[in-house]
Trainee: 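What follows is a single structure, and I will ask about it in a moment.
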Number of protein chains: 2
Amino acid sequence: MAAVDLTSHPGHLARRLQQAHHLLWNTMVSEEITSSQFAVLNTLVAEPGLDQRTVGERVGLDRSTIAEVISRLGRRGLLDKVRDPRDGRRFLLRLTDDGVRTHRRLTVRTARMNQVFLAPLSAEEQAQLLGLIQRVADAAEGLRDPAEPLITR
Amino acid sequence: MAAVDLTSHPGHLARRLQQAHHLLWNTMVSEEITSSQFAVLNTLVAEPGLDQRTVGERVGLDRSTIAEVISRLGRRGLLDKVRDPRDGRRFLLRLTDDGVRTHRRLTVRTARMNQVFLAPLSAEEQAQLLGLIQRVADAAEGLRDPAEPLITR
DNA sequence: CGGGAACAGTCAGTGCGCTGACTATTCCCC
DNA sequence: GGGGAATAGTCAGCGCACTGACTGTTCCCG
């Protein structure tokens with residue numbers, strides 16, 4: 001009977017948090033555009049002409065995943081993809097007018113959704129939560145590269 | 001130029017948190033058993049003989065997803081699945097010896113991993129983080145059922 | 001007792017997310 | 001200039017996660 005209390009496991013809570021978010025996103029923001037796709041649109045609004053890899057880096061997706069997300073957005077006509085004439089390996093990405101419009105429309109709804117999502121917390125607690133998550137995530141991402149493995153056998 | 005700062009978006013942070021966790025899990029706990037699979041094992045250690053749906057409820061997975069997770073665990077011989085003789089709709093689940101052993105082995109590593117994961121925070125902050133996430137997740141889950149839709153058009 | 005609602009599980013379809021192996025292009029240094 | 005390392009992207013394979021439609025079983029009420 002060595003079972004553990006899952007509510008003390010950050011991984012489990014992180015998954016539940018994301019599920020909760022996904023649920024709210026679907027009902028309050030969009031059923032077509034996902035949260036990740038919105039993040040890509042948002043990045044390209046700020047920095048048009050980025051290449052695929054850099055967009056992935058900005059939103060925190062590896063190159064395989066970002067490729068799929070982008071191809072889906074391309075298929076829907078929300079962005080264009082052209083070979084970089086200066087570097088034949090890269091694709092340069094740019095939103096279409098439709099992409100820009102979609103981004104603008106969703107931005108409003110996203111803000112509203114975030115409000116509802118965080119409503120159970122006071123303004124102070126909201127800031128705390130975001131800050132704490134960020135610190136943990138940043139630290140873990142910093143552990144990616146180091147040569148020495150993490151496994152403490 | 002209406003781009004938004006993604007670091008203020010809880011959904012984006014939740015995804016990053018989960019990714020970070022996934023990374024640490026893979027390197028410090030197991031590459032074969034995922035965090036969700038462990039949650040299922042853990043639930044069945046505490047309550048052997050549960051049916052599929054209830055397990056899904058305990059760990060926060062819908063019935064489609066839990067079915068796949070369980071079938072994978074079954075294929076690896078970590079649990080057994082038998083029809084409930086008293087209710088032909090249900091499958092009753094029970095860990096095999098191998099399943100129990102696996103759970104025990106991973107429990108230790110999981111604790112170590114959680115420590116590393118939360119290391120950037122003080123003990124107090126760790127408790128805060130877990131509590132805040134839980135409140136937000138609980139509240140959002142409470143919004144599932146209500147008859148009236150959430151869409152504020 | 002009989003029939004419809006409720007319920008457990010499955011299946012098909014979509015999308016995210018990762019790793020590891022592969023191709024094509026460019027870069028850099030000898 | 002030529003060749004090997006680095007880089008951008010693709011592809012195959014695995015696994016999670018959700019919805020919506022479907023099958024089969026049980027439950028409950030008239």
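Both backbone and side-chain heavy atoms feed into the values below; hydrogens, waters and symmetry mates do not. The chains referred to below are lettered A, B, ... by the order of the sequence lines, with proteins before strands, and numbering in each begins at 1.
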Trainee: Could you state the CG-C1' distance from B:Asp62 to D:dC18, rounded to the nearest angstrom?
Mentor: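 Computing the B:Asp62:CG to D:dC18:C1' distance gives 6 Å.
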
Trainee: Taking 4.0 Å as the cut-off, does a side-chain nitrogen or oxygen of B:Lys81 come that near to OP1 or OP2 on C:dA8?
Mentor: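 The answer is no; no side-chain N or O of B:Lys81 sits under 4.0 Å from OP1 or OP2.
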
Trainee: Side-chain donor or acceptor of B:Ser71 under 3.5 Å from a matching atom on the base of C:dG9?
Mentor: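 Side chain to base: no pair below 3.5 Å.
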
Trainee: Given side chain to side chain contact (heavy atoms under 4.5 Å, CB included), test A:Trp25 with A:Thr110 step by step and report yes or no.
Mentor: CA-CA 8 Å; A:Trp25 182 278; A:Thr110 299; 3.8 Å; yes

Trainee: Check the distance between D:dA8's C1' and A:Arg86's CZ and give it to me in whole angstrom.
Mentor: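 Interatomic distance, CZ of A:Arg86 to C1' of D:dA8: 16 Å.
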
Trainee: For B:Arg63 and for B:Arg72, find the nucleotide of DNA chain D with the closest heavy atom, then tell me which residue's nucleotide is more 5'.
Mentor: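 Looking at the nearest nucleotide for each, B:Arg72 comes out on the 5' side.
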
Trainee: Can a donor-acceptor pair be found between the side chains of A:Thr65 and A:Asp62 at a distance below 3.5 Å?
Mentor: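 Yes, because at least one side-chain N or O of A:Thr65 sits under 3.5 Å from a partner of the opposite role on A:Asp62.
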
Trainee: From the set D:dA17, D:dT19, C:dC18, return the single nucleotide nearest to any side-chain atom of B:Ser64.
Mentor: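 The closest nucleotide is D:dT19.
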
Trainee: Among side-chain atoms of B:Asp98 and B:Thr96, is any donor-acceptor pair under 3.5 angstrom?
Mentor: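 Per modelled atom types, B:Asp98 and B:Thr96 side chains form no pair under 3.5 Å.
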
Trainee: For A:Thr54 and A:Arg58, which I'm curious about, is there any donor-acceptor pair between the side chains at under 3.5 Å?
Mentor: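 Checked: A:Thr54/A:Arg58 side chains show no N/O donor-acceptor pair below 3.5 Å.
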
Trainee: So which nucleotide from C:dG15, D:dC16, D:dG15 ends up closest to the side chain of B:Arg76?
Mentor: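 Selected nucleotide: D:dG15.
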
Trainee: Nearest of C:dG15, D:dA8, C:dC18 to any side-chain atom of A:Arg90?
Mentor: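 For the A:Arg90 side chain, the nearest candidate turns out to be D:dA8.
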
Trainee: Parallel, tilted or perpendicular: which fits the ring planes of B:His21 and B:Phe117, with parallel below 30° and perpendicular above 60°?
Mentor: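 B:His21 vs B:Phe117 ring planes: perpendicular.
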
Trainee: For A:Gln18 and A:Asp84, take the nucleotide of DNA chain C holding the closest heavy atom to each; which residue's nucleotide lies nearer the 5' end?
Mentor: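 On the 5' side of the pair lies A:Gln18.
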
Trainee: Which part of the nucleic acid, if any, lies within contact of A:Thr65, taking any heavy atom under 4.0 Å across all strands shown: a base, the sugar-phosphate backbone alone, or nothing?
Mentor: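 Base, at least one base heavy atom under 4.0 Å.
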
Trainee: Heavy atoms from C-beta onward define the side chain here; which of C:dC16, D:dA17, D:dG9 lies closest to that of B:Ser36?
Mentor: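 Selected nucleotide: D:dA17.
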
Trainee: Expressed as a whole number of angstroms, how long is the span from A:Trp25:CH2 to C:dG15:P?
Mentor: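 After rounding, the reported distance stands at 15 Å.
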
Trainee: Between A:Thr34 and A:Arg89, which is nearer to the 5' end of DNA chain C once each is assigned its nearest nucleotide?
Mentor: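 On the 5' side of the pair lies A:Thr34.
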
Trainee: Expressed as a whole number of angstroms, how long is the span from B:Asn26:CG to D:dC14:C1'?
Mentor: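 It works out to 12 Å between those atoms.
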
Trainee: Check every strand shown and say whether A:Arg75 touches a base, only sugar-phosphate, or nothing at a heavy-atom separation below 4.0 Å.
Mentor: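 Counting heavy atoms under 4.0 Å across all strands, no contact is made by A:Arg75.
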
Trainee: Could you give the CG-to-C1' distance, from A:Leu61 to C:dG15, as a whole number of Å?
Mentor: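 Rounded to the whole Å, the gap is 12 Å.
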
Trainee: Nearest-Å distance, CZ (A:Arg83) to C1' (D:dT7)?
Mentor: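 Going from CZ in A:Arg83 over to C1' in D:dT7 covers 13 Å.
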
Trainee: Using whole Å, what does the distance between atom C1' of nucleotide D:dC16 and atom CD1 of B:Ile70 come to?
Mentor: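 B:Ile70 atom CD1 is separated from D:dC16 atom C1' by 14 Å.
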
Trainee: Report yes if at least one side-chain N or O of A:Arg15 is closer than 4.0 Å to OP1 or OP2 of D:dA17; otherwise report no.
Mentor: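 Yes, A:Arg15 has a side-chain N/O under 4.0 Å of OP1/OP2 on D:dA17.
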
Trainee: How long is the straight-line distance from OG of B:Ser35 back to CD of B:Gln18, given to the nearest 0.5 Å?
Mentor: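 Spacing of CD (B:Gln18) from OG (B:Ser35) equals 8.0 Å.
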
Trainee: A:Ala67 or A:Glu31: which one's nearest nucleotide on DNA chain D is closer to the 5' end?
Mentor: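 Nearer the 5' end of the strand: A:Ala67.
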
Trainee: Quick one: is A:Gln19 getting a side-chain N or O under 4.0 Å of the D:dC16 phosphate, OP1 or OP2?
Mentor: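 Looking at the OP1 and OP2 atoms of D:dC16, neither is under 4.0 Å from any side-chain N or O of A:Gln19.
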
Trainee: Could you tell me the separation between the CG atom of A:Asp87 and the C1' atom of C:dC28, rounded to a whole number of Å?
Mentor: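 Going from CG in A:Asp87 over to C1' in C:dC28 covers 14 Å.
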
